[in-house]
Structures are given as structure tokens and as C-alpha cells.
Chemist: 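Dumping the structure here so I can ask a few things about it.
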Number of protein chains: 2
Amino acid sequence: MTRIDLQIAKAGCSACPIRHRAICASCEPTELDQLSEIKSYRTWRAGETILMEGANLPFVGSVVSGCATLTRSMEDGRVQMVGLLLPSDFVGRHDRDTAAYEVVAATDVTFCLFRRDEFRHLLSTTPHLMERMLQMSLDELDAARDWMILLGRKTAREKVATLLANILRRAASAGHPLRAELPLTRDAMASYLGLTIETVSRQVTALRKEGIIEMQGHRGITCADLSALLTAAGDDEDGATVA
Amino acid sequence: MTRIDLQIAKAGCSACPIRHRAICASCEPTELDQLSEIKSYRTWRAGETILMEGANLPFVGSVVSGCATLTRSMEDGRVQMVGLLLPSDFVGRHDRDTAAYEVVAATDVTFCLFRRDEFRHLLSTTPHLMERMLQMSLDELDAARDWMILLGRKTAREKVATLLANILRRAASAGHPLRAELPLTRDAMASYLGLTIETVSRQVTALRKEGIIEMQGHRGITCADLSALLTAAGDDEDGATVA
DNA sequence: CGTGCACTTGATCTAAGTCAACCCCAGTGG
DNA sequence: CCACTGGGGTTGACTTAGATCAAGTGCACG
């Protein structure tokens, strides 16, 4: 257990940064206690594989901090990212005993984990939990379908702009509105967008040269005019399309 | 009400063709009665719009027979299909009052509909129903993510082969294994696959000329060797990837 | 002070898109 | 009965966005 883990474990659920957005969001105090009893924290370093595709799945859980990626791959090595896990996102199916995707830590990432069989039992006896689980699954399904229009119909420029806008938006909810540290390498971005690393690089450069974004090193990004970025993304200013 | 509707309504749930695969699959007889009380049937003709994106959503429900499509579109007219609704598939979010996608009848299609507010209430008081709903949502999420690898990484040939294989597989469960009537026009196929109509046409022709499939007119398809088709799809013989 | 890794940039290639013609067949109406 | 029309589908010629291949750059780390 790292230092971070201990901190959170001591503080308990009430001080948890994802308390009101995660799977536990609509739990009563007593239900929270039950969840608390079967939870444990674990942290992975950036780049570490958390789960292999097809591997045994003893745990399910939520991202507390950091970022992880969900990927599927074909036999010949082609890879497609199918999900980006940010704080409060849930991973793992309670009713499946193997993982359907590979899960990799994109940054250092800490999970709040539940033993799968115990979680399954709690789920079937706690309607609040089941309801929240359903709601989150449906939200994820909508997000996945939004991503399908990006993969199927958007240009490389629009893809990159969409991803950057999404990251800025999610980062904004936890700090300064127009500045973020990219949790993904160019490689991971390419995998998410259905592009090559070179194309991602070129499009980021193009957006920078046009003054739509500014970069601080390879990872830091600032956007003075989000609506310009959203226009480049091919979305309405109001458009959803959350990662 | 059409003749088909009356037939099913008279027969009741026990004779329903999707009884054991739909949202009601794990309901007890008494629960089924409750569902039965709030259900109604309705049929749309091929090509009719069932729901517009953003429209008010008074109903949720299951496809009983036929096929409908779920699409999202961008302001400039680009369209991406994000789901194919076949018998037993569920549509609509109980907790949202507007439709997130456009729903169009691909063939004549009959739905078993529930008033949304009544369904929501039943859901919250019937754990079996909630559990089944969650399971189906998670399955759909997996399917959506499988579709993402197709959209992001597969070639036109692989995309077309994958779609044909999926249709043949789902049709097979209700009849002859290697023969099906395509429920989609070339246009709808293109929309689903993130391709143009011309590319779909060329790839279908190519698969036919190579003897991997045979066509009876534009819609009838026969496949003597499914594993050859799956190889063209870039999947393992055993691979899942269900539409 | 290399060595390696993440990223960028440039030159070239190609799969799929675009544009345009055409086929086939089912209705429709003269 | 047949000409006309229109929608779905096919095919061909050409274009192009993004992939591929191949050098670089610049920074972090032993």
C-alpha cells in the first residue's frame, strides 16, 4: 500500500473525492458502511497492466484518482481503445468472471476495489446500488455511442479536437477551466481516436499553429476559446459528446 | 392496430416470440402480469421514423419482430448508425424524457411498448426487472464497444464481412443457419459501418465474386462457409462481436 | 555523454471517398 | 400494353485524407 492509499483509507468514504459521483453516490449511510466493509484501495503506476483481456476478474471497482484505459485488440495486433476511465468511472462486470477488455494505467491510478462475489451479493440486496449501477451503465452506453459517430464519421482534425475538448471539460470540473495536463500519450490518443500517432501529432500541431490551443511541453494544454475548439470538433457549442 | 398486433395481443406473453430473451425474460408470472397490464403493441412500416433525435419520449419497449435502426447525426448531415434493434432488443431510457437517437423502422417492425412513467415505477419495485435491465444494458455496452473496434480499425472489407456474419448469426437462431434476408439497405449498411454506399456495394460484390457469399437479389444472402466469412471479417472463428 | 523514448516532420503510397454514368425493376398513368 | 419515372444498386475514373516509411529532434536518466 502506498502513502496515497493509506490517506484515503483512514479518511473513510465521507472524505472520498468521488463520493458523490461514483457507484456509491446514492447510497444511504448504512449502505455505505456495507460497501466500506468490502472495499480496498490499490494503486498502479503509469504504464502497468491492471487486467489482461480474458483474464480472471476477481475485483470490480471505481477509479479514485488518475486515469486508466480500456482497450480491445485484434489477433494481428491492431488496437482500439474503447473507454477512458477517469475518477468516479466504474470498471468490471459483476456477472462475468473474465475481463472483456485490457485495462492499463495511463497515469498513476488508484482504484477503490470490491471483491466481485461480495459486490454481486450486495448489489442484489441493495436497490439503491443496483439503480445507480444501471444509471451509470446507461450513461456509459450513451458515451460509447457518441464515440461511434466520432470513429465512423469525423475527420482526423475533428477527432483530435473532440478528444482535447473532452479532456479539458472533465479537467475543468476539478480546477481551472481552460488548462489541463493530458493523461494520455500520443500513442494512447491515437488508439482512442482510431488514428495513427503521426496523424495525431500533425493535428495537434495544426491546432496549435492556428492558435486554437497552446501547449506547455507535450502534455500541458491550454485553450483560451473553448468554442473555437468545439467548432473544430464539429460539435455545436452546446453539444454533449462526453468521454 | 394491424392484424399482426391483434394476434400477439390475444396470444398474451406466454406465446410471445421474445418472451425468454427480452426485458421480461426473468420475470415471475405475477410480475409478467404487471408488465402485461401496461403494455401495448404498435407496428411501423419500413422507412417510417419512430422517434426523432431529441423528441419527447413517452414510451420505452422491445422489438417483437422486424428491425429498426438507431442513428445519430451531425449538423452538416453526416450520419452514423449507433445500434441495430432486432427482436428482443430494448429501446429507450426510463430515466430520460427525450430520445438521444433517431429511431427508424428498417423493415416493418412491431414493438411491445410500455408507458415510460409506469415502466419506471415498475422497475423500481421489481428487482428481477431491474436486474435484467442492467444485464441487457451491460451486454449492449459490450456490443457497442465491439463495434468501436470495427469502426476504428477494420478495413472496408472486414467491416462488411463482419456485418454480414452478424446478421447471418442472429438470423440463424431463428431458422436455417446459413441463409438470411438482409434487413438493411446498402445505405443503412454504409451508415452502420462508417463507409459510403459505393464502398459497401463494391465489397459485397468482391465477397460474392470470391465465392465467400452468394446473393439472391439484393437482399437474400447465403453463406456456405461461415468460417471463411469470419476470416474475411478479421475475427477468430470463435470470436464474439455480436451486433 | 551516450542511450532511449516520446514526439515531430517530411515524402510517398493507398484505401476509401467523390463524382458520374448506368442498370434493373416496380409502380403509375396514358 | 408500354413508356416514363424514381429509387435502390452497381460500376468506373479520379481524388484525397490519412497511413506508411523514414529521418530527425529534444529531453530524461543512468
Side-chain angles (χ1 to χ4, degrees), chain A residues 45-47 69 74 76-80 104 106-107 150-164 181-210 213-221 232 234, chain B residues 45-48 69 74 76-80 104-107 150-164 181-210 213-221 232 234:
Chain A
R45 294 256 149 236
T69 66
M74 296 173 63
D76 63 6
R78 279 175 281 177
V79 173
Q80 175 65 47
V104 176
T107 62
L150 175 144
L151 290 174
R153 297 298 173 189
K154 285 193 175 180
T155 64
R157 175 189 171 85
E158 290 169 334
K159 286 179 175 183
V160 169
T162 304
L163 177 58
L164 296 181
E181 208 66 19
L182 296 179
L184 302 178
T185 62
R186 296 287 182 275
D187 208 13
M189 288 174 67
S191 163
Y192 202 8
L193 298 171
L195 296 173
T196 58
I197 186 173
E198 294 95 330
T199 298
V200 171
S201 181
R202 280 186 247 271
Q203 297 301 334
V204 170
T205 302
L207 289 170
R208 184 170 50 72
K209 286 193 175 161
E210 289 171 41
I213 58 169
E214 275 173 61
M215 300 296 296
Q216 292 80 44
H218 292 317
R219 295 297 193 98
I221 176 173
Chain B
R45 295 255 149 239
E48 286 180 338
T69 65
M74 296 172 63
D76 64 5
R78 280 175 280 176
V79 173
Q80 175 65 48
V104 176
T107 63
L150 175 142
L151 290 173
R153 298 297 174 189
K154 285 194 174 179
T155 64
R157 177 189 170 85
E158 289 169 334
K159 286 179 175 183
V160 169
T162 304
L163 177 58
L164 297 181
E181 208 65 20
L182 296 179
L184 301 178
T185 62
R186 296 287 183 275
D187 208 15
M189 290 174 66
S191 164
Y192 202 8
L193 299 171
L195 296 173
T196 59
I197 186 172
E198 293 95 330
T199 300
V200 171
S201 182
R202 281 186 246 270
Q203 296 302 333
V204 170
T205 303
L207 290 169
R208 184 170 50 72
K209 286 194 173 160
E210 290 170 40
I213 57 169
E214 275 174 61
M215 300 297 295
Q216 294 80 44
H218 293 316
R219 296 296 195 99
I221 176 172

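Hydrogens, waters and symmetry mates are skipped; everything else that's a heavy atom, side chains included, is used. Just so it is clear, the model here is predicted, and its values are computed rather than measured.
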Chemist: At a heavy-atom distance below 4.0 Å, which nucleotide of DNA chain D is the first touched by chain B, and which is the last?
Modeler: dG9(D) to dA13(D)

Chemist: Please classify the nucleic acid contact of Thr196(A) as base, sugar-phosphate, or nothing, using heavy-atom distances under 4.0 Å.
Modeler: base

Chemist: Identify, between Lys209(A) and Arg153(A), the residue whose nearest nucleotide on DNA chain C lies closer to the 5' end.
Modeler: Lys209(A)

Chemist: When the distance from CD of Glu158(B) to P of dA15(C) is rounded to whole Å, what number comes out?
Modeler: 12 Å

Chemist: Quick check for you: to the nearest 0.5 Å, what is the distance between Arg153(B) atom CZ and Leu195(A) atom CG?
Modeler: 7.0 Å

Chemist: Could you state the atom-to-atom distance from CG of Asp187(A) to P of dC7(C) in whole Å?
Modeler: 8 Å

Chemist: For residues Gly152(B) and Gln80(A), report the shortest heavy-atom separation together with the two atoms involved.
Modeler: CA-OE1, 3.4 Å

Chemist: Measuring from atom OG1 of Thr107(B) to atom CG of Leu182(B), what distance do you get when rounded to the nearest 0.5 angstrom?
Modeler: 12.0 Å

Chemist: Around atom CD of Glu181(B), are there more than 12 heavy atoms of other residues, nucleotides or ligands at under 6.0 Å?
Modeler: yes

Chemist: Rounded to the Å, how far apart are Leu182(A) CG and dC7(C) C1'?
Modeler: 13 Å

Chemist: For atom CD of Glu48(B), decide whether the heavy atoms of other residues, nucleotides or ligands shown that lie under 6.0 angstrom number more than 12.
Modeler: yes

Chemist: Under 4.0 Å, heavy atoms only, any strand: does Ile197(B) hit a base, just the sugar-phosphate, or nothing?
Modeler: nothing

Chemist: Counting the atoms with a prime plus P, OP1 and OP2 as sugar-phosphate, which does Arg157(A) contact under 4.0 Å by heavy atoms, base, sugar-phosphate, or nothing?
Modeler: nothing

Chemist: What integer distance in Å separates Leu193(B):CG from dA16(C):C1'?
Modeler: 13 Å

Chemist: Quick one: Lys154(A) NZ to dA16(C) P, roughly how many Å, whole number?
Modeler: 22 Å

Chemist: Minimum heavy-atom separation for Ala156(A) to Thr199(A), with atom names?
Modeler: CB-CG2, 3.6 Å

Chemist: Quick one: does Asp187(A)'s side chain have a donor or acceptor within less than 3.5 Å of a partner on Met189(A)'s backbone?
Modeler: no

Chemist: Nearest whole Å is fine: how far is dA15(C) C1' from Arg78(A) CZ?
Modeler: 13 Å

Chemist: Within the 4.0 Å heavy-atom criterion, would you say Gly217(B) contacts the bases, only the backbone, or no part of the nucleic acid?
Modeler: nothing

Chemist: For Gly47(A), which contact category applies under a 4.0 Å heavy-atom criterion: base, sugar-phosphate, or nothing?
Modeler: nothing

Chemist: Tell me whether the OP1 or OP2 atom of dT8(C) has a side-chain N or O from Arg186(A) closer than 4.0 Å.
Modeler: yes

Chemist: Without decimals, in angstroms, what is the distance between His218(B) NE2 and dA26(C) C1'?
Modeler: 12 Å

